[in-house]
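Just follow the structure's listing: the first ligand is 1, and inside any ligand the first atom is 1. The basis for the numbers below is simple: all heavy atoms, side chains too, and nothing from hydrogens, waters or symmetry mates.
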Amino acid sequence: MKITIGSDHGAVDLKEVVKKVLAEFDGVEVKDVGTFGTNAVDYPDIAEKVCADVVSGAADRGIVLCGTGIGISIAANKIHGIRCALCHDEYSAQMSREHNDSNVLAMGGRVIGFGVASKIVRAWMTTDFAGGRHERRVNKIMALENK
Ligand code: RB5
């Protein structure tokens, strides 16, 4: 699986933690689109880079991080084809895959600890979409893009 990851300056440390967790999984390739330092950058630019890979198919899924996770998740969800889930607990991460088929995970580097974030990533990486009635609902979400 190919994962593209990016963060603004509010979550550069969390991005390194997430990359270490992703390295636990065999066959996972990670592309990091930055940012790489503490200089302030604009989170919509990072969301756009990560989501471009998901929409084009260059990545199977994406992970976006900022201080709260809010701004970057809002930005990601403006992009057609993206279902970005802002998760700060393991259960939500699992459900975002099982029920919502989330293709982008968002978290806030100033909101959660590294331990919780690691559990969230593991849950999100290992949970499949359940399909069935959830597929109908996800299709309705995606149809909203054309209304
Ligand atoms: C940057 O200071 C901060 O606004 C950003 O990381 C994020 O929290 C926005 O939602």
[atom]: the protein heavy-atom neighbour that sits closest, reported with distance to 0.1 Å:
{"atom": "atom 5 (C) of ligand 1", "answer": "Asp8 OD2, 3.2 Å"}
{"atom": "atom 7 (C) of ligand 1", "answer": "Cys66 SG, 3.3 Å"}
{"atom": "atom 4 (O) of ligand 1", "answer": "Tyr43 CE2, 4.2 Å"}
{"atom": "atom 1 (C) of ligand 1", "answer": "His9 NE2, 3.6 Å"}
{"atom": "atom 8 (O) of ligand 1", "answer": "Thr68 N, 2.9 Å"}

Polar side-chain atom of [X] near backbone of [Y] as donor-acceptor pair, under 3.5 Å:
{"X": "Arg97", "Y": "Ser102", "answer": "yes"}
{"X": "Lys20", "Y": "Ser118", "answer": "no"}
{"X": "Asp89", "Y": "Ser92", "answer": "yes"}
{"X": "His88", "Y": "Gly108", "answer": "yes"}
{"X": "Asp8", "Y": "Val41", "answer": "no"}

Pairs of nitrogen or oxygen atoms closer than 3.5 Å, one from Gly71 and one from ligand 1: do any exist?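 There is such a contact, yes.
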Return yes or no for this condition: an N or O of Gly67 is under 3.5 Å from an N or O of ligand 1. yes
So how far is it from Leu65 CG to Asp13 CG, rounded to the nearest 0.5 Å?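 With rounding to 0.5 Å, CG (Leu65) is 11.0 Å from CG (Asp13).
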